[in-house]
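Residues take their numbers from the sequence shown, with the count starting at 1.
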Amino acid sequence: MAVGSVEGERAPSAIDLPAFTAEQFALDNPPECDMIMKGGITSGVVYPYAVLQIATKYRLRSLGGTSAGAIAAAFAAAAEYARLNGRPEGFLTLQSYCDALPERLLSLFQPSAELVPAVDSIKAAIAAGGLRPIVRRGLRQGILPALGGGIALGLPSFLLQSSLYATGLATVLGFAAAGAYGIYRWGRRVFADPVLDAFAKLPAHHYGFCTGLTQGDPATPALTDWIYHALQHIAFGDPKHSTPLTFGDLRGTDPGRAEIDLKVVTTNLSMRRPHTLPRLGVLAAFRPGDWDKLFPAPVMQYLYGGGTIQSDREPGSWLFPLEDKLPVVIAVRMSLSFPLLFTAVPLRIEDTELPSIIRTLGGQPSKEPRIRTVHFSDGGISSNFPIHMFDAPLPTRPTFAFSFEELLSDAGDVTSRVALPETASEGMGVQIQEVKSPTGFAWQILNSAKDWQDQLLSEITGQRERIARIFLTDREGGLNLDMPPAVSRQLMRWGYEAGCKFTDGPFDFDEHKWRRLLVLYKHLEQNLEATDSIWEAGFSDWYKAYLREVKSYRKLTLTDRRQIAADIRKLLAARKSGDAAAIARLEEKLPKRAGTLKVAPKY
């Protein structure tokens, strides 16, 4: 779809997708909800109609996601921003962009000119459909050189009146050697040379084939340009709005209460950790030579014109924008940088830990600041399904989450692709996927390392009933960049069905709050019981003796330290004062899959 598409314009489709109206989104004091969307590259086409359906019943308050989920969360936030500013038709603009997405999906991925030959080679290998077709093509390419080699060695032997055996042997050797050389030359020209050349150039391209910016015809925008214009059009009603949509626009003017709380996850490869944007959490800067190649010109003009300031630590660099000043498109681009497919986003960050480590090891660190290039890549590497993002111990509004799962049976074996547990006993555990190839073995290692925590968290009582799962085959979503439009629209339809599960289906927020309360009660009971046994077994006496001698956090006065012990005693006494036998066989009655309460890093 061109940037200036008309709202409500629908692409033709055999798939039955609903036609929404602006009146459906003009809600009067609706209930609020949060939404979390999992990463999944092209699987993200599932999300638009899920968002649209939920927005007909709920006001979208907190929105989060990773990679493709970050795009969907940003679009939803932009549409809610439009609604809060008197433009409920912003959701129709969102719909119009996404309706045209199936026809332009592949065109969004535009490699840098230098790397096009390698991409063409990879496409050719994928299009071949496996190793055997490639071998057959190679053999065909080697026939002519083989014939030439056979003649070149066999003919002289024949003319010299050599024996039939010698002539035959020379012909066979010439045929084999020339054929093998022909296949080698073809394989090197078509596959090896372009790929090896691209591999050597990848560091200069920050380890990605696509920058996200349009490489040719402006009428066919690449992904970052398309996202930027869509966000501007959805939020402001004008794709050429003078300033980019920022997190400050979404948050509103009340510093204590965000109107719309958008968060997306990116992965810091150099520091091996996730970050939740818009708060980067470290002082960082960018070089114009790097970012001018990654973000649309209006975004960079905004940054240079007051969106941020120049760094005083490194001449020529500009500070990463403050949270409210950060354009939404920058955070989304940092979250969707799928390894190799998209260029990682570079930032300059001072290594403040290395001097401390050198001193600890008895050395003398350099006085010069060690400013290094840090690469930010796909958020899904570290947290592909951040369902915890907006959680409190007890929920005050529902959080609707969407997850992609592999359909490990024939598509014909099922009548639906969307599942949401209805009863407390209906679980969604881990499927068993057999490893059948070295490639599958490698993928399972990668997926296990990055997804195991999200997977196990999704099974817990109080979590699983708020997750709509969409089951896809290996030909749907994911890295299938060339999905037929009909398949993309079918995924959109399943997204709509997933949204209906929350608005008109089995989701029961009262029941969800009850289950979350039970899980919290179980955690409190278990942890207070464990704390009580340790406190009474000598920890209390140790603390009483040590509280006058503490060596750190001395801002806590002696009175403060005594109050800490008094508060803990009150908490433990309150637990003991209850009737311990009031709930017989308590452990048997509480949820079995409740996880564990622990201190975890915040990112």
**Aromatic centroids of Y47 and F404 separated by under 6.0 Å** = yes
**Request:** Pick out which of Q490, E476, E497, E405 makes a side-chain hydrogen bond (donor to acceptor under 3.5 Å, both in side chains) with R417.
**Result:** E476
**Request:** Verify salt bridge (Lys or Arg N to Asp or Glu O under 4.0 Å) between R515 and E465, making sure each step is shown before the conclusion.
**Result:** CA-CA 10 Å; R515 296 176 194 175; E465 68 267 14; 3.7 Å; yes
**Item:** L572 CG: over 12 foreign heavy atoms closer than 6.0 Å
**Value:** yes
**Request:** Identify which one of R61, R466, R397 satisfies the side-chain hydrogen bond (donor to acceptor under 3.5 Å, both in side chains) criterion when paired with D34.
**Result:** R397
**Request:** Would you please indicate yes or no on a ring centroid separation below 6.0 angstrom for F91 and F20?
**Result:** no
**Request:** Give the intermediate values and the outcome of side-chain hydrogen bond (donor to acceptor under 3.5 Å, both in side chains) for residues Q24 and T56.
**Result:** CA-CA 5 Å; Q24 289 177 274; T56 63; 5.5 Å; no
**Asked** Aromatic rings F286 and W291: how do their planes relate, parallel, tilted or perpendicular, breaks at 30° and 60°?
**Response** parallel
**Prompt:** Is it true that Y228 and F295 have ring centroids separated by less than 6.0 Å?
**Reply:** no
**Asked** Do S337 and R333 have a side chain donor and acceptor closer than 3.5 Å?
**Response** yes
**Parallel, tilted or perpendicular: rings of H241 and F236 (30°, 60°)** = parallel
**Message:** Please evaluate residues Q95 and Y49 with respect to the criterion side-chain hydrogen bond (donor to acceptor under 3.5 Å, both in side chains), reporting the C-alpha separation (whole Å), side-chain torsions for both, the decisive distance (0.1 Å), and the verdict.
**Reply:** CA-CA 8 Å; Q95 182 182 14; Y49 277 86; 3.1 Å; yes
**Item:** Plane angle bin for W226 and F75 - parallel if under 30°, tilted between 30 and 60°, otherwise perpendicular
**Value:** tilted
**Asked** Any chance the side chains of S270 and R372 put a donor and an acceptor closer than 3.5 Å?
**Response** no
**Message:** Can you tell me if R273 has over 12 outside heavy atoms packed within less than 6.0 Å of its CZ?
**Reply:** yes
**Message:** How long is the straight-line distance from CG of D324 back to OG1 of T253, given to the nearest 0.5 Å?
**Reply:** 10.5 Å
**Prompt:** Just checking, any donor-acceptor pair under 3.5 angstrom between side chains of D378 and S67?
**Reply:** yes
